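Here the structure is laid out as structure tokens; the discussion comes afterwards.
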Amino acid sequence: MIRTYNISFSYKEYEKTEELDPEDYKLILAARDAALNAYAPYSKFKVGAAVRLMGGKIVCGANVENAAFPSGICAERSVLSNSVSNYPDDKITALAIAAFAQDVLTENPPSPCGSCRQVIAEEESRTGKKIKIILSGKNKTHIIDGIGSLLPLQFNGDNLKINLP
Ligand code: THU
């Protein structure tokens, strides 16, 4: 027996900042600010990420590169480490990302890499709360209602359990 499954997802695209929820726009501005603190001498690609916690706090992170390239960390994992380490009990409700290539804000919304998607997925599992993902370009913002859409069939803690028949 062969079954075919189709997975589709929808996301919203905003062209005008006035159309955004003001709280989301605030988070985008925080991500843009955070990108200015990135340490990206090798790629010259500065990424900023900002999360909003249930209590209303905003926590930021940026990419931090290393001469040993794989030792660098992306902005998304940077902000999640920061947030989980300092506010473990305050759940993340939204995550905004913005990037500057050679100091110019990117036209296209940046999209989290595979490793970051996996780490965002872990955070959703840890707290049991979906994280709204806000990908912000210069004149275009994409909003996705949770990491499930960006990482279907994800590997999570359940995969580590013994599967009894
Ligand atoms: N980078 C991020 O910070 N987030 C992503 O989702 C993609 C890539 C960083 C890693 C590296 O410092 C630079 O961007 C170029 O790949």
Side-chain angles (χ1 to χ4, degrees), residues 7-15 17 20-21 23-53 57-88 91-127 129-156:
I7 298 174
S8 67
F9 81 100
S10 56
Y11 62 96
K12 287 202 162 66
E13 182 175 278
Y14 295 76
E15 285 186 350
T17 49
L20 289 161
D21 176 328
E23 289 300 308
D24 291 348
Y25 187 48
K26 199 170 140 192
L27 205 60
I28 289 170
L29 295 181
R32 286 183 189 168
D33 269 357
L36 303 179
N37 293 334
Y39 174 65
Y42 305 105
S43 70
K44 312 267 189 247
F45 190 69
K46 293 184 167 189
V47 187
V51 295
R52 186 171 58 234
L53 306 182
K57 198 168 192 47
I58 290 180
V59 180
C60 295
N63 55 331
V64 180
E65 296 185 348
N66 194 288
F69 289 3
S71 301
I73 188 166
C74 293
E76 297 88 328
R77 275 175 289 155
S78 173
V79 76
L80 288 172
S81 300
N82 185 0
S83 166
V84 176
S85 315
N86 290 295
Y87 309 98
K91 297 181 182 180
I92 295 172
T93 61
L95 161 69
I97 308 163
F100 294 79
Q102 318 267 345
D103 294 325
V104 178
L105 189 61
T106 62
E107 281 296 331
N108 290 325
S111 195
C113 77
S115 297
C116 291
R117 291 177 194 211
Q118 184 68 27
V119 173
I120 297 166
E122 185 74 25
E123 182 57 7
E124 280 195 355
S125 305
R126 187 183 76 89
T127 61
K129 181 149 189 54
K130 270 192 185 184
I131 298 173
K132 184 200 250 192
I133 298 172
I134 303 164
L135 309 176
S136 157
K138 191 164 171 237
N139 295 308
K140 210 191 317 179
T141 298
H142 291 161
I143 299 195
I144 301 139
D145 75 354
I147 197 64
S149 310
L150 296 184
L151 193 63
L153 302 178
Q154 61 190 240
F155 183 84
N156 58 34

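Atoms considered below: every heavy atom in the structure, side chains included; atoms not considered: hydrogens, waters and symmetry mates. Whatever order the structure lists ligands and atoms in, that order sets their numbers, starting from 1. Sequence positions, counted from 1, serve as the residue numbers for this chain. In this text, all values refer to a predicted model and were calculated from it rather than measured experimentally.
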Do Arg117 and Ser111 have side chains that get closer than 4.5 Å, going by heavy atoms? yes

Just wondering, do Thr106 and Phe45 contact through their side chains at under 4.5 Å, heavy atoms? yes

Can you measure from CG (Leu95) to CD (Glu123) and round to the nearest 0.5 angstrom?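 Atom-to-atom, Leu95:CG and Glu123:CD are 10.0 Å apart.
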
Write out the residue and atom name of the closest protein heavy atom to [atom], then the distance separating them to 0.1 Å.
atom: atom 9 (C) of ligand 1; answer: Asn63 ND2, 3.5 Å
atom: atom 14 (O) of ligand 1; answer: Phe45 CD2, 3.3 Å
atom: atom 3 (O) of ligand 1; answer: Ala75 N, 2.9 Å

Judged by non-hydrogen atoms, does Gly72 sit under 4.0 Å from ligand 1? no

Can a non-hydrogen atom of Cys113 be found less than 4.0 Å from any atom of ligand 1?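 Per 4.0 Å heavy-atom rule, Cys113 contacts ligand 1.
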
Is the number of heavy atoms from other residues, nucleotides or ligands within 6.0 Å of CD (Glu107) greater than 12?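 Enclosed.
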
Look at atom CD of Glu122 and say whether more than 12 heavy atoms of other residues, nucleotides or ligands are closer to it than 6.0 Å.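 No, CD of Glu122 has 12 or fewer neighbouring heavy atoms, counting only those of other groups under 6.0 Å.
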
Region of Ser111 engaging ligand 1 - heavy atom pairs below 4.0 Å: backbone

For atom 4 (N) of ligand 1, which of Glu76, Arg77, Lys44 has the closest heavy atom?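 Heavy atom nearest to atom 4 (N) of ligand 1 belongs to Glu76.
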
Give a yes or no on whether a salt bridge exists between Asp24 and Arg52, defined as a side-chain N under 4.0 angstrom from a carboxylate O. yes

Return yes or no for this condition: an N or O of Cys74 is under 3.5 Å from an N or O of ligand 1.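 No: no nitrogen or oxygen of Cys74 is under 3.5 Å from one in ligand 1.
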
Please determine if Ser43 has a nitrogen or oxygen closer than 3.5 Å to a nitrogen or oxygen of ligand 1. no

Distance-only, no hydrogens or angles: does the Lys129 side chain make a donor-acceptor pair with backbone N or O of Lys91 under 3.5 Å? no

Quick check: does any side chain N or O of Glu124 sit under 3.5 Å from a backbone N or O of Gly146, one acting as donor and the other as acceptor? no

Can you sort out which atoms of ligand 1 are near Glu65, meaning under 4.0 Å from one of its heavy atoms? 11 (C), 12 (O), 13 (C)

Heavy-atom protein neighbour under 4.0 angstrom from atom 16 (O) of ligand 1: no

